[in-house]
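Below is one structure; the comments refer to it alone.
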Amino acid sequence: QVQLVESGGGLVQAGGSLRLSCAASGRTFGMYAMGWFRQAPKKEREFVACITSIGDGTYYADSVTGRFAISRDNAKNTVYLQMNSLKSEDTAVYFCAAQRYGGNVASLTNYDYWGQGTQVTVAS
């Protein structure tokens, strides 16, 4: 069992930056690939970024490539999402998720554990 808790969301002006954190419980954090997803009002949850279990590979949605960066610190059981050059369309609830057995990193169904989410609001 892995419990995930996101933090770092808030209100920011367009063009600004935020860093989200996701703290995981348990001793097996380093065995999970970690992803970030987001869900805007009245929209489906969508993939944002993923990082492999040991941090040697990262994947991004086209909409955030070049602006967002995912990283992890396995010693701290934490994954991060650095978000720069934020746009109003980045407004959403952001969720972190843990994937144990691989598969399509952009598919929600391939993730085993989810956090409760943190709100990010970008004012234009």
Side-chain angles (χ1 to χ4, degrees):
Q1 187 79 7
V2 176
Q3 293 185 326
L4 304 172
V5 179
E6 303 94 336
S7 62
L11 174 64
V12 64
Q13 293 294 315
S17 298
L18 279 176
R19 189 176 82 153
L20 305 183
S21 299
C22 173
S25 65
R27 299 182 177 181
T28 60
F29 178 72
M31 299 173 67
Y32 290 84
M34 297 297 297
W36 284 97
F37 290 75
R38 66 187 181 186
Q39 187 166 18
K42 300 182 181 180
K43 292 189 176 181
E44 294 185 352
R45 194 171 298 189
E46 64 175 7
F47 170 74
V48 174
C50 177
I51 187 167
T52 56
S53 59
I54 60 173
D56 61 343
T58 56
Y59 308 87
Y60 297 94
D62 289 344
S63 58
V64 306
T65 297
R67 299 188 299 123
F68 290 12
I70 188 170
S71 61
R72 67 189 296 161
D73 185 338
N74 284 357
K76 296 182 178 179
N77 279 16
T78 302
V79 62
Y80 306 97
L81 185 68
Q82 178 67 42
M83 305 186 296
N84 300 324
S85 302
L86 282 161
K87 306 175 182 180
S88 58
E89 51 262 45
D90 294 318
T91 295
V93 177
Y94 283 71
F95 300 87
C96 69
Q99 181 191 77
R100 178 68 181 91
Y101 294 109
N104 183 351
V105 299
S107 174
L108 279 71
T109 59
N110 284 329
Y111 288 80
D112 305 290
Y113 302 101
W114 291 83
Q116 292 300 305
T118 185
Q119 176 70 48
V120 171
T121 303
V122 183
S124 57

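In this chain, residues are counted from 1 in sequence order. Below, all heavy atoms of this structure are taken into account, side chains as well, without hydrogens, waters or symmetry copies.
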**OP:** Would you confirm whether Arg72, through its side chain, and Thr52, through its main-chain N or O, come within 3.5 Å as a donor-acceptor pair?
**Re:** yes
Original post:
In terms of hydrophobic clusters joined by side-chain contacts under 4.5 Å, are Ile51 and Val2 together?
Top reply: yes
Subject >> Atom pair CD (Gln82) and CG (Leu18), whose distance is rounded to the nearest 0.5 Å >> reply: 8.5 Å
Subject >> Distance, nearest 0.5 Å, that separates CG of Leu81 from OH of Tyr94 >> reply: 7.5 Å
Subject >> Working for side-chain contact (heavy atoms from CB on, under 4.5 Å), residues Met83 and Asp90 >> reply: CA-CA 9 Å; Met83 305 186 296; Asp90 294 318; over 6 Å; no
Original post:
Are Val48 and Trp114 in one and the same hydrophobic cluster, where Ile, Leu, Val, Met, Phe, Trp and Tyr link if side-chain heavy atoms are under 4.5 Å apart?
Top reply: no
Original post:
Any idea which heavy atoms bring Tyr60 and Ala49 closest together, and the distance?
Top reply: CD2-CB, 3.6 Å
Subject >> Polar side-chain atom of Asn74 near backbone of Ser53 as donor-acceptor pair, under 3.5 Å >> reply: yes
Original post:
Between Val105 and Met34, is there a shared hydrophobic cluster once you connect ILVMFWY residues whose side-chain heavy atoms come closer than 4.5 Å?
Top reply: no
Original post:
CG/Asp112 to CD/Gln1 distance, rounded to the nearest 0.5 angstrom?
Top reply: 10.5 Å
Run the side-chain donor-acceptor check on residues 116-124: report pairs under 3.5 Å with partners two or more places apart or on a different chain.
residue, atom, partner, partner atom, Å
Thr118, OG1, Gly9, N, 3.2
Gln119, NE2, Ala92, O, 3.4
Gln119, NE2, Thr121, OG1, 3.3

Subject >> Heavy-atom donor-acceptor pair, Glu6 side chain to Cys96 backbone, under 3.5 Å >> reply: yes
Subject >> Sequence-distant partners of Thr28, side chain to side chain donor-acceptor pair (under 3.5 Å), two or more places apart >> reply: none
**OP:** Could you grab the distance from atom CZ of Arg67 to atom OG of Ser85, nearest 0.5 Å is fine?
**Re:** 7.0 Å
Subject >> Shared hydrophobic cluster for Leu108 and Val93 (ILVMFWY, side-chain gaps under 4.5 Å) >> reply: yes
Subject >> Approximate separation, where rounding is to 0.5 Å, of Ile70 CD1 and Tyr59 OH >> reply: 11.0 Å
Subject >> Minimum-distance pair of heavy atoms, taken over all atoms of Leu4 and Ala24 >> reply: CD2-CB, 3.6 Å
Subject >> Backbone N/O of Gly26 and side chain of Asn77: donor-acceptor pair under 3.5 Å >> reply: yes
Original post:
Taking it one step at a time, do Tyr111 and Phe37 satisfy ring pair (Phe, Tyr, Trp, His ring centres under 6.0 Å)?
Top reply: CA-CA 11 Å; Tyr111 288 80; Phe37 290 75; 5.0 Å; yes
Subject >> Nearest-0.5 Å distance, CZ of residue Phe68 to OG of residue Ser17 >> reply: 9.5 Å
Subject >> Min side-chain heavy-atom separation Leu20-Arg38 under 4.5 Å >> reply: no
Original post:
Closest heavy-atom contact between Ser21 and Thr78?
Top reply: CB-CG2, 4.3 Å
Original post:
Who are the disulfide bond (SG atoms under 2.5 Å apart) partners of Cys50, not counting sequence neighbours?
Top reply: none
